[in-house]
Every structure is written in C-alpha cells, then in structure tokens.
Amino acid sequence: MRVKKILEFVVGLGVWVAIAYGVYFLFIKGEATSPINLDVALADYRNANQSTRDGLLAALIQASASEPSDQEHFKDCMGDYAASKSEELDLREVFNWCVAESQTSRERFTSHFNQLDAADLSIDAL
C-alpha cells in the first residue's frame, strides 16, 4: 500500500513538472526565441516605430556578424537610406550597403544622419 502511494506521488509530480515545462516552452521560451522576420521592404522599416527598427537593426547586425559597437552608426546609415531610397528595396539589401560602407569607407559610414529619428528629436525638444 505504501509503495502504491509513493508511486502515485511520483507520477503526479511528474505530470505537474511536464505541465509546467509545457507552459514555459509554449508561452515564455517560445516568445523570447521567436526570430525577427527580416524579409521586409525598406518601407516597413521606415514606417515602424523606433523600438521595432532597433530590433530589426540588432537582428541584421547579428545575422551579418558586424560589430555591435557600430550599432549607432548602422542606425544612422539605415535612417539616412530609409528616408531617401525607394520603399520597395529589400531591407537586407540596404543594410548590406551600410555593411559595405563600414568596411570600405569608414568616413562615409560614420557621417550618415539618421533622418528617420530626426523628427523624434524635434518633438523631444518641445
């Protein structure tokens, strides 16, 4: 009789652990590891809010194995291109222009002005 109770306890505990892991995997871990879709047009980057653009940019930097310390320069480069180039361009293609500049023309790469966030700065000044 005592062995049966111990076995029921172990099985019950195993069921609760399995349920807890399922909830963790489906609702917590699944959200945190969901990949960012980088198959978007430049218009999507342009029209996104600043935090979404920052997330896209971080994913692009990671995917390209670029220097994370250059994130502000990449942000300025992408903001400059997004404001002035065709909306139909692929986001990765435009980012690759920034990567090429970072490797071949450092001065040009670091001199971009982020036109997308310039409007946000004027609101902050008010």
Side-chain angles (χ1 to χ4, degrees):
M1 186 65 126
R2 184 176 176 121
V3 173
K4 183 179 177 184
K5 285 191 176 213
I6 292 173
L7 185 59
E8 287 175 353
F9 174 77
V10 170
V11 169
L13 184 62
V15 168
W16 281 109
V17 168
I19 290 171
Y21 179 76
V23 168
Y24 166 76
F25 185 79
L26 291 174
F27 296 106
I28 299 171
K29 185 178 179 189
E31 281 183 21
T33 59
S34 61
I36 294 177
N37 181 15
L38 297 175
D39 294 325
V40 296
L42 189 58
D44 298 317
Y45 182 83
R46 180 185 303 171
N47 297 328
N49 64 34
Q50 187 174 357
S51 67
T52 301
R53 287 194 307 261
D54 289 346
L56 285 166
L57 188 58
L60 287 164
I61 290 170
Q62 183 178 13
S64 70
S66 295
E67 284 295 320
S69 61
D70 278 341
Q71 183 158 354
E72 283 303 312
H73 295 303
F74 279 114
K75 185 176 182 178
D76 292 343
C77 182
M78 290 297 292
D80 189 3
Y81 283 143
S84 62
K85 301 297 181 194
S86 173
E87 292 184 339
E88 290 84 28
L89 289 170
D90 182 71
L91 181 66
R92 285 189 234 190
E93 180 182 352
V94 176
F95 180 77
N96 287 336
W97 296 346
C98 294
V99 171
E101 276 187 11
S102 75
Q103 296 168 348
T104 60
S105 179
R106 198 70 186 163
E107 185 177 320
R108 182 173 179 192
F109 175 66
T110 59
S111 68
H112 282 281
F113 178 72
N114 184 352
Q115 295 180 27
L116 290 180
D117 293 334
D120 294 341
L121 295 176
S122 65
I123 291 172
D124 290 340
L126 292 174

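Side-chain atoms are counted along with the backbone in the values below, which use heavy atoms only and exclude waters and symmetry mates. Since the model is a prediction, treat every value here as computed from it, not as a measurement.
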Just distance, no hydrogens or angles: give the donor-acceptor pairs under 3.5 Å from side chains in residues 40-49, sequence neighbours left out.
{"unit_1": "D44", "atom_1": "OD2", "unit_2": "A41", "atom_2": "N", "d": "3.1"}
{"unit_1": "R46", "atom_1": "NE", "unit_2": "A82", "atom_2": "O", "d": "2.6"}
{"unit_1": "R46", "atom_1": "NH1", "unit_2": "E87", "atom_2": "OE2", "d": "2.9"}
{"unit_1": "R46", "atom_1": "NH2", "unit_2": "A82", "atom_2": "O", "d": "2.4"}
{"unit_1": "R46", "atom_1": "NH2", "unit_2": "K85", "atom_2": "O", "d": "2.8"}
{"unit_1": "N47", "atom_1": "ND2", "unit_2": "A43", "atom_2": "O", "d": "3.0"}
{"unit_1": "N49", "atom_1": "OD1", "unit_2": "S51", "atom_2": "N", "d": "3.2"}
{"unit_1": "N49", "atom_1": "OD1", "unit_2": "S51", "atom_2": "OG", "d": "3.0"}
{"unit_1": "N49", "atom_1": "OD1", "unit_2": "T52", "atom_2": "N", "d": "2.8"}
{"unit_1": "N49", "atom_1": "OD1", "unit_2": "T52", "atom_2": "OG1", "d": "2.8"}

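- Considering every non-hydrogen atom in both L57 and Q71, the closest pair reads CD2-O, 3.9 Å.
- Closest of all the heavy-atom pairs between F74 and S102 is CZ-OG, 4.1 Å.
- Side-chain atoms of H73 and E67, non-hydrogen and from C-beta on, never get closer than 4.5 Å to each other.
- No more than 12 heavy atoms of other residues, nucleotides or ligands sit less than 6.0 Å from atom CD of E107.
- Applying the disulfide bond (SG atoms under 2.5 Å apart) test to residues at least two apart or on different chains, the pairs with a partner in residues 58-118 are C77-C98.
- Taking the salt bridge (Lys or Arg N to Asp or Glu O under 4.0 Å) definition, one finds that D76 meets it with nothing, sequence neighbours left out.
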Residues 88-95, side-chain donor-acceptor partners within the protein, below 3.5 Å, at least two apart:
{"unit_1": "E88", "atom_1": "OE1", "unit_2": "S86", "atom_2": "OG", "d": "2.7"}
{"unit_1": "D90", "atom_1": "OD2", "unit_2": "R92", "atom_2": "N", "d": "3.1"}
{"unit_1": "D90", "atom_1": "OD2", "unit_2": "E93", "atom_2": "N", "d": "3.3"}
{"unit_1": "R92", "atom_1": "NH2", "unit_2": "D39", "atom_2": "OD1", "d": "2.2"}

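- Contacts of H112 classified as side chain to side chain donor-acceptor pair (under 3.5 Å), with partners at least two apart in sequence or in another chain: D80, E101.
- Atom CZ in R53 sits 6.0 Å away from atom CD in Q50 (nearest 0.5 Å).
- The CE atom of M78 sits 8.5 Å away from atom CG of L56, with the distance rounded to the nearest 0.5 Å.
- Scored by the side chain to side chain donor-acceptor pair (under 3.5 Å) test, S64 finds S66 as partners (sequence neighbours excluded).
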